[in-house]
Amino acid sequence: MTFGESLHFTIKGVDQYGSDIKHEEVTWSATGSTIFPDGRLQASYQEQEITVIASVGEISTSTIINVIEPARLTTLAISPQKVEMKPGEHQHFSIQGLDQRGNAIATEKIAWNGTGGKIDQDGNFIVNQNAKGEFSISACAIEQNVSASARVVVPVVLQRLEIFPKHIQIEPNEIQTFTAKGFNQEGDEISIGRVDWQSTTGGLIDDDGMFIGSYDIDTVDIIATVGDVRDVACVGLLPVLRSLEIEPQGRQLKPNEQLNLRVRGFDQFRNEVKIQNIHWQTTDGKIYSDGTFVAVDRDANITVSATVVNIKGTAHFKVIEPSRLTELVISPQQVVMNPREWQHFEVMGLDQRGDAIAISGINWEATGGTIDRDAYYFTDSNQKGQFTITATIRRFSVSAHISVPPVLKRLEIFPPQIQLEPEENKTFTVIGFDQQDSQIALEKVDWKSSKGGSISRDGLFQGGYSQREVTVTASVGNIRKLAYVTLLPILRRLHISPPAVHLKPNENQTFTVIGFDQFGDEIDPGAILWEASGGDIDQNGNFIVDFNAKGQFLVTATSRLTPKLTKKSRTLLFNVGISSKILSYFLRFLAQVQDEFITESNTEETSEVSSSITETEIDNFELELQIWITKTLIKLASRLFGFISSLCLNQATANLSASAEVTVIPVLRRLEIYPAKAHLNPYESITFSVKGLDQHCYEINVNNVNWKATEGNINSHGTLSIDDKCTTVTITANIETINSMAYVNIVKPPHFISPAFTFPQYENDENNVQKERILGHTKSKNKDINKEKVNENKVTNTSGNGNSVSFTLPSKLSNIPNRSRSDRDNKGIDGEHELIDTNGNGKSVFFSTSKSVKISDLYDDKQILKITEALLQASPNRYRLVILVARRARQIFQNYVEEDMTLKEAVIQAIQEMCLELSQAYK
């Protein structure tokens, strides 16, 4: 607060939560002053500190108020306080007001005054031109009567220069020294220090003021400069003698001719001046003081000079005598020529001055070759070496030199003729001979080959496959020589005869292979490797079809020595294969390193995993996904390069081959009668149908079926008729050696018969031996049938009632066709499945089936093994049958892989087929 100022105070109540609250009546008090009950404080007229206290009950608060005097102007400050200025310079001065506390305060009207120059009321000061010394600038606040001052110092400065002498005339090259004096602002001479001297065009002046003029311009200005003060003096250059000219000039004189000479003088501006005291001189002949010159009596170049003081003029004269022959010159003087070339020579006569002179009657001679009188020289066809041409006129002669170097006349290629195989390399060499049949070095030979081969710049030839004969050409300039290459025929293609054939199983076919060369002509194929599918083939081309083969197969003949591709292609594929292999290994190693790094990283991260998923783990998922994708791409790239490597290397190492197509046609292997068994009443009839199956158990058309029945009558259409005397009828269908049986039971009043089983008896021992060889034993027991007696010819089973029934094995142990999996799984085979049928009672020797059970459900692996061992249970070779079954099952599985057959089903079918073959062997 300032003196006499009043201030009204208020208070606000706040509770313990910081919220406003109403309060009771406030009690005000102040230290060092008086405050009214309404909180109004009146300041005194002296500077002091007042504490104001407000109380409400026991709660009080206070604040401090400072009472100060109002600000008033007490001091003025001029800026700048001191300054050095030159006459005529400007300077702005500014003023600032300060109160009693040193704080800035506004000033009212200021009055400015100054000495040594002029100052306006805005503080802008200009120094007088002749001012020198120390001056003052004052500023006064008129109302407050407060003033301040500043000092201005004006030093002594150079105001004017004067050059001495100011105007002068001198001769060119005469030296003149100039001086300069300096004067200050009051006209007093002062020291000026270093002067910068300059001159305009027409002279030169150094740093010390020494001037020398030239002869180019008649007036030159001299300029002296000190800082920005300068002065100019003028120099006039006087005309002087600068040149002499002798007249006449450059005349041609006769021997002893007399000539009067005169001299003219000129100044630097080419103005003629008067000259005296001329001194004459000559290099030859005589000259007198009046300028009379007398020439000599011979050829001469004479220079006459006239001198005045140090200025000299000259004149040149030529004394010429009549021309006379002194020398012969031949052109060209040296020449290089090849055999059978010509050159024209020219001879020129020179006089005593070296000038051409007419000549005639030239006599020409040559040490080699021939030259006519017209100067035409001809070299011989075998000429070589250095030779001379001489031209003679009276006692003067001149010679020219001719060099005939060895030149290439013919080429010889070695070998001139050769026989090569395609892609076989051969280096040709060439020798050159000159005009005298001497061997000559060859610089660059241009090799070329006709179509069908290629040759390098070094003569390395390689033949192709397209042409029988190739011409190799060696050229040096326009000289050429030919060599002839005959490309031998080599094996380039194989052809198998016959190219396609239709065969039956176990049928033979002999294949032959024919080789063709690159021109399509027959050639010995050489050593051949025979390979075949669907059968066996020996190395003579004899092919035997497998027993169960059917479909399309290939017989391949491969050359053991001849590659499939050309050398260039093999090299390219080999390089690509090796490069791809290396790149594949590198990518595989890179993937392994990345896997190890990721595994170590995952191990470290797993040890630090907490029970909850953090945001960092979620963020790392994208990074891990990128790493996985990169790793996968690297592995795929490694596999791709590995595949490319294998493909290229296989092609690079493959030999020439050809294939023939073998079609194995389907043949009848089995017959099936439908129905396989039937029940009839006496005097009823039934018609049977037959279906043929090929080697893969697919249906095949059959004709000319021969029907037979053990009882009753059956016609050629398969219709059976019976009477009441028939009991059990066996129906047989025959086509050549293939047969099948069906069984008909005659329905009669039921009765019980205990069956006895016997194996079929064979009339000769060979059939018994065949049966034993197939089954692998001579005696067998059936543990499931009691009291079975076995001998070489018959097996009898006697039941409790003493009745015995002889059992003959059917032609097929299984009537299950080799159908697709879908057919077998969906409906079975005619609703029934049996391997070995007995005497028509629906029972099997090894197992029994029902119409609702599928074959694939009857057997597991142990049952298959049990059935297999049962076939040869008493034979020491029973484990051999397991191997045979496995081989048969593998072949079946390969043939039916497109029908989604399982391996178990293939094994079951193999057992069935082998049982069928065994039953046929019994017959």
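Just so you know, residue 1 is the first one in the sequence shown, and it goes up from there.
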**Q.** Verdict with supporting geometry, Tyr215 and Asn173, side chain to side chain donor-acceptor pair (under 3.5 Å)
**A.** CA-CA 8 Å; Tyr215 296 95; Asn173 285 339; 2.7 Å; yes

(Q) What verdict does the salt bridge (Lys or Arg N to Asp or Glu O under 4.0 Å) test give for Arg298 and Glu321, after you've listed the backbone C-alpha separation in whole Å, the side-chain angles of each residue and the deciding distance to 0.1 Å? (A) CA-CA 6 Å; Arg298 64 184 187 282; Glu321 66 173 325; over 6 Å; no

Q: For Ile168 and Ile170, run side-chain contact (heavy atoms from CB on, under 4.5 Å): C-alpha distance rounded to whole Å, both residues' side-chain angles, the deciding distance at 0.1 Å, then the answer.
A: CA-CA 7 Å; Ile168 189 173; Ile170 59 175; 4.0 Å; yes

Q: May I have the step-by-step check of side-chain contact (heavy atoms from CB on, under 4.5 Å) for Val154 and Phe135, ending in yes or no?
A: CA-CA 8 Å; Val154 181; Phe135 303 95; 3.8 Å; yes

Q: Please step through side chain to side chain donor-acceptor pair (under 3.5 Å) for the pair Thr303 and His316, ending with a clear verdict.
A: CA-CA 5 Å; Thr303 299; His316 302 282; 2.9 Å; yes

**Q.** Verdict with supporting geometry, Ile11 and Trp28, side-chain contact (heavy atoms from CB on, under 4.5 Å)
**A.** CA-CA 10 Å; Ile11 69 169; Trp28 295 93; 3.5 Å; yes

(Q) Working note: Gln198 + Asp196, criterion side-chain contact (heavy atoms from CB on, under 4.5 Å); need CA distance, chi angles, decisive distance, verdict. (A) CA-CA 7 Å; Gln198 291 179 340; Asp196 182 17; 4.1 Å; yes

**Q.** Candidate pair Arg262 and Glu247, rule salt bridge (Lys or Arg N to Asp or Glu O under 4.0 Å), full reasoning
**A.** CA-CA 6 Å; Arg262 66 186 185 92; Glu247 296 178 351; 2.5 Å; yes

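Side-chain atoms of Asp206 come within 3.5 Å of backbone N or O of Gly209 as a donor-acceptor pair. Checking side-chain atoms of His8 against main-chain N and O of Asp38 turns up a donor-acceptor pair under 3.5 Å. In this structure, Thr177 contributes its side chain and Met210 its backbone to no donor-acceptor pair below 3.5 Å. Gln185 places a side-chain N or O within 3.5 Å of a backbone atom of Pro155 that can act as its donor or acceptor partner. A donor-acceptor pair under 3.5 Å is absent between the side-chain atoms of Thr292 and the main chain of Ile287, judged by distance alone. A donor-acceptor contact shorter than 3.5 Å links the side chain of Glu174 to the backbone of Glu171. Thr632 contributes a side-chain N or O that, together with a main-chain N or O of Trp628, makes up a donor-acceptor pair within less than 3.5 Å. Using modelled atom types, one side-chain atom of Ser638 and one backbone atom of Ser584 make a donor-acceptor pair closer than 3.5 Å. Checked by atom type and distance alone, the side chain of Ser579 pairs as donor or acceptor with a backbone atom of Asn575 at under 3.5 Å.
Residue Ile246 comes nearest to Gly313 through the heavy atom pair CD1-O, 3.4 Å, listed as atom of the first residue, atom of the second, then distance. Taking every heavy atom of both residues into account, Ala139 and Ile95 meet most closely at CB-CD1, 3.9 Å. Annotation for Ile119 and Gly123: closest pair CG1-C, 3.9 Å, computed over non-hydrogen atoms. Minimum interatomic distance between Cys140 and Asn145 (heavy atoms only, all atoms of both residues): SG-OD1, 4.4 Å. When all heavy atoms of Pro80 and Ala150 are compared, the pair lying nearest together is O-CB, 3.5 Å. Here the closest non-hydrogen pair linking Val146 and Leu73 is CG2-O, 4.2 Å.
Between Phe183 and Leu161, the closest side-chain pair of non-hydrogen atoms is not below 4.5 Å. Side-chain atoms of Thr107 and Leu76, non-hydrogen and from C-beta on, do get closer than 4.5 Å to each other. Put simply, the side chain of Trp280 reaches to within 4.5 Å of the side chain of Val304, judged on heavy atoms. Annotation: side chain of Trp112 is in contact with side chain of Ile137 (closest heavy-atom distance under 4.5 Å). Val152 places none of its side-chain heavy atoms less than 4.5 Å from the side chain of Ser136. Within the 4.5 Å cutoff, side-chain heavy atoms of Val329 are placed close to those of Leu350. The side-chain heavy atoms of Ile302 and Val319, taken from C-beta on, include a pair separated by under 4.5 Å. Side-chain contact between Lys12 and Asp20 is present, with at least one heavy-atom pair separated by less than 4.5 Å.
By the 4.0 Å N-to-carboxylate-O rule, Asp231 lies close enough to Lys166 to be salt-bridged with it. Taking the charged nitrogens against the carboxylate oxygens, Asp297 and Lys254 have no contact shorter than 4.0 Å, which rules out a salt bridge. A salt bridge does not link Glu245 to Lys312: none of the charged nitrogens lies less than 4.0 Å from a carboxylate oxygen.
Surrounding CZ of Phe269 are more than 12 heavy atoms belonging to other residues, nucleotides or ligands, all under 6.0 Å away. Surrounding CZ of Phe164 are more than 12 heavy atoms belonging to other residues, nucleotides or ligands, all under 6.0 Å away. Atom CD of Gln333 is surrounded by 12 or fewer heavy atoms from other residues, nucleotides or ligands within 6.0 Å. Surrounding CD of Glu272 are more than 12 heavy atoms belonging to other residues, nucleotides or ligands, all under 6.0 Å away. Crowding of Asp15 atom CG: a count of heavy atoms from other residues, nucleotides or ligands under 6.0 Å exceeding 12. Atom CD of Glu443 has 12 or fewer heavy atoms from other residues, nucleotides or ligands within 6.0 Å. At most 12 heavy atoms of other shown residues, nucleotides or ligands fall within 6.0 angstrom of atom CG in Leu204.
Atoms OG and CD, from Ser214 and Gln268 in turn, are 9.0 Å apart once rounded to the nearest 0.5 Å. Annotation: the span from Arg264 atom CZ to Ile275 atom CD1 amounts to 10.0 Å, rounded to 0.5 Å. Interatomic distance, OG of Ser138 versus CD1 of Ile78, reported as 7.0 Å (0.5 Å rounding). In this structure, OG in Ser199 is found 8.0 Å from CD1 in Ile223, a value given to the nearest 0.5 Å. Ile205 contributes atom CD1, which lies 11.5 Å from atom CG of Asp221 (distance to the nearest 0.5 angstrom). The CD1 atom of Ile163 sits 9.0 Å away from the OG1 atom of Thr179 when rounded to the nearest 0.5 Å.
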Residues 51-65, side-chain donor-acceptor partners within the protein, below 3.5 Å, at least two apart:
none

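Geometrically, Arg588 does not engage Tyr585 in a cation-pi contact, judged by NZ or CZ lying under 6.0 Å from the ring centre and within 45° of the ring axis.
Under the 30°/60° scheme for interplanar angles, the aromatic rings of Phe178 and Trp197 are found to be tilted. Ring planes of Phe293 and Phe317: parallel class, angle under 30° (limits at 30 and 60°).
Between His92 and the options Asp122, Asn124, Asp120, a side-chain hydrogen bond (donor to acceptor under 3.5 Å, both in side chains) holds for only Asn124.
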